[in-house]
Amino acid sequence: MIIGLTGSIASGKSTVSNMLRERGFPIVDADLVARLVVEPGQPALEKIRQEFGDGVILGDGTMDRAAVGERIFNDPSERKKLNDIVHPAIRQEMLRQRDRHFENGARTVVMDIPLLFESRLQHYADKILVVSVSEETQLKRLMERDGFTEKDARARISSQLPISEKERGADAVIYNNGTIGESEKQLEQILDSWNAAP
């Protein structure tokens, strides 16, 4: 079974991901894969250099994230160029990691994909687990965690698909407004109902 784990910014998805890891479930983490595919020696980084020039590569051979960010921030066509290079590489690597876990005997693999719905990757998962929070909790956590003003925090939240829409697309939802113990209990019940085992 493949579980697609997703949530929204400051919903506590990473906490749930760690709970699954502690239970022995192998995790394919889209954020880690996104960093991996642009490391020195990776084909995607070479394509980025060809497309954007040597100015986006630092002296140590790594990608200059600030320079790339500046190029794509206000230019949708440049952003599309970058995404056309990076997204296929990320997907390919995620599927490679997933297959490797199954080859190594895993019965269930968790694919931790923050933008699962936004990237339309629902077909990657047999079951979709959404970590949800109330807007007040999300706002409070985001302001505390990242030091955002309320205005900035609201802007970050509204840049993502509303959590209510993600809930509608989920096979199960963990409501992460309470304690870690309460979230853990919900997770146990969901895993039992799905007969999910590492």
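What you see is a predicted model, and the numbers here were worked out from it, not measured in a lab. Residue numbers start at 1 and run along the sequence shown.
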Any chance you could measure [X], atom [atom1], to [Y], atom [atom2], to the nearest 0.5 Å?
X: Asp171; Y: Lys127; atom1: CG; atom2: NZ; result: 5.0 Å
X: Glu70; Y: Asp75; atom1: CD; atom2: CG; result: 12.5 Å
X: Met19; Y: Ile174; atom1: CE; atom2: CD1; result: 7.0 Å
X: Ile48; Y: Arg71; atom1: CD1; atom2: CZ; result: 11.0 Å
X: Ile9; Y: Arg145; atom1: CD1; atom2: CZ; result: 5.5 Å
X: Met1; Y: Asn195; atom1: CE; atom2: CG; result: 7.0 Å

Exercise for the section: Using a cut-off of 6.0 Å, state whether more than 12 heavy atoms not belonging to Arg156 lie near its atom CZ. Expected result: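 Incorrect, the count does not exceed 12.
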Going only through I, L, V, M, F, W and Y residues with side-chain contacts under 4.5 Å, is there a path from [X] to [Y]?
X: Ile157; Y: Val131; value: no
X: Ile2; Y: Phe117; value: yes
X: Ile180; Y: Val16; value: yes
X: Val33; Y: Leu5; value: no
X: Leu95; Y: Val38; value: yes

If you compare all heavy atoms of [X] against all heavy atoms of [Y], which two are closest, and at what distance to 0.1 Å?
X: Arg141; Y: Val133; result: NH1-CG1, 3.2 Å
X: Gly12; Y: Asn176; result: CA-ND2, 3.3 Å
X: Tyr175; Y: Glu167; result: OH-OE1, 3.6 Å
X: Ala153; Y: Met143; result: CB-CG, 3.8 Å
X: Ala170; Y: Val130; result: CB-CG2, 3.5 Å
X: Gln42; Y: Val37; result: CB-O, 3.2 Å

Any Lys/Arg nitrogen of [X] or [Y] sitting under 4.0 Å from an Asp/Glu carboxylate oxygen of the other?
X: Arg154; Y: Glu135; value: yes
X: Lys140; Y: Glu144; value: yes
X: Lys185; Y: Glu182; value: no
X: Lys81; Y: Glu78; value: yes
X: Arg35; Y: Asp31; value: no

Exercise for the section: Could I get the full list of side chain to side chain contact (heavy atoms under 4.5 Å, CB included) partners for Asp64, not counting sequence neighbours? Expected result: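 Partners of Asp64 by the side chain to side chain contact (heavy atoms under 4.5 Å, CB included) criterion, ordered by chain and then number, come out as Leu58, Ala66, Ala67.
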Exercise for the section: State which residues pass side chain to side chain contact (heavy atoms under 4.5 Å, CB included) with Asn74; sequence neighbours excluded, sorted by chain then number. Expected result: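 Checked Asn74 against side chain to side chain contact (heavy atoms under 4.5 Å, CB included); zero matches.
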Handout entry: Stepwise salt bridge (Lys or Arg N to Asp or Glu O under 4.0 Å) test for Asp84 and Lys80
Key = CA-CA 6 Å; Asp84 287 348; Lys80 184 181 181 321; 2.7 Å; yes
Does the side chain of [X] reach to within under 4.5 Å of the side chain of [Y], using non-hydrogen atoms?
X: Phe52; Y: Leu82; result: yes
X: Glu188; Y: Arg23; result: yes
X: Leu129; Y: Leu187; result: yes
X: Val109; Y: Phe102; result: yes
X: Asp54; Y: Arg49; result: yes
X: Arg168; Y: Glu165; result: yes
X: Arg21; Y: Asn18; result: yes
X: Ile113; Y: Met94; result: yes

Practice task
Output every pair passing side-chain hydrogen bond (donor to acceptor under 3.5 Å, both in side chains) with a member in residues 110-120, not counting sequence neighbours, ordered by first then second residue.
Solution key: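 Listed by first then second residue: Lys13-Asp112, Ser17-Asp112, Glu118-Lys166.
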Practice task
Before giving the answer on side-chain contact (heavy atoms from CB on, under 4.5 Å), spell out for Leu191 and Leu20 the whole-Å C-alpha distance, their side-chain angles and the decisive distance to 0.1 Å.
Solution key: CA-CA 10 Å; Leu191 293 174; Leu20 287 159; 4.0 Å; yes
Practice task
Please assess Arg96 against Glu103 for the test salt bridge (Lys or Arg N to Asp or Glu O under 4.0 Å), listing each intermediate value before the final yes or no.
Solution key: CA-CA 10 Å; Arg96 191 192 68 75; Glu103 283 159 17; over 6 Å; no
Is a side-chain N or O of [X] found less than 3.5 angstrom from the main chain of [Y], in a donor-acceptor match?
X: Thr6; Y: Pro114; answer: yes
X: Ser8; Y: Ser11; answer: no
X: Asp60; Y: Thr62; answer: yes

Practice task
Determine, stepwise, if the pair Arg91 / Leu121 fulfils side-chain contact (heavy atoms from CB on, under 4.5 Å).
Solution key: CA-CA 9 Å; Arg91 288 175 188 169; Leu121 295 178; 3.6 Å; yes
Problem - Check against side-chain contact (heavy atoms from CB on, under 4.5 Å), Leu115 and Gln160 - result: CA-CA 8 Å; Leu115 301 176; Gln160 294 187 336; 4.2 Å; yes
Practice task
Could you tell me whether the side chains of Ser134 and Thr137 share a donor-acceptor contact shorter than 3.5 Å?
Solution key: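 Thr137 and Ser134 do have a side-chain donor-acceptor pair below 3.5 Å.
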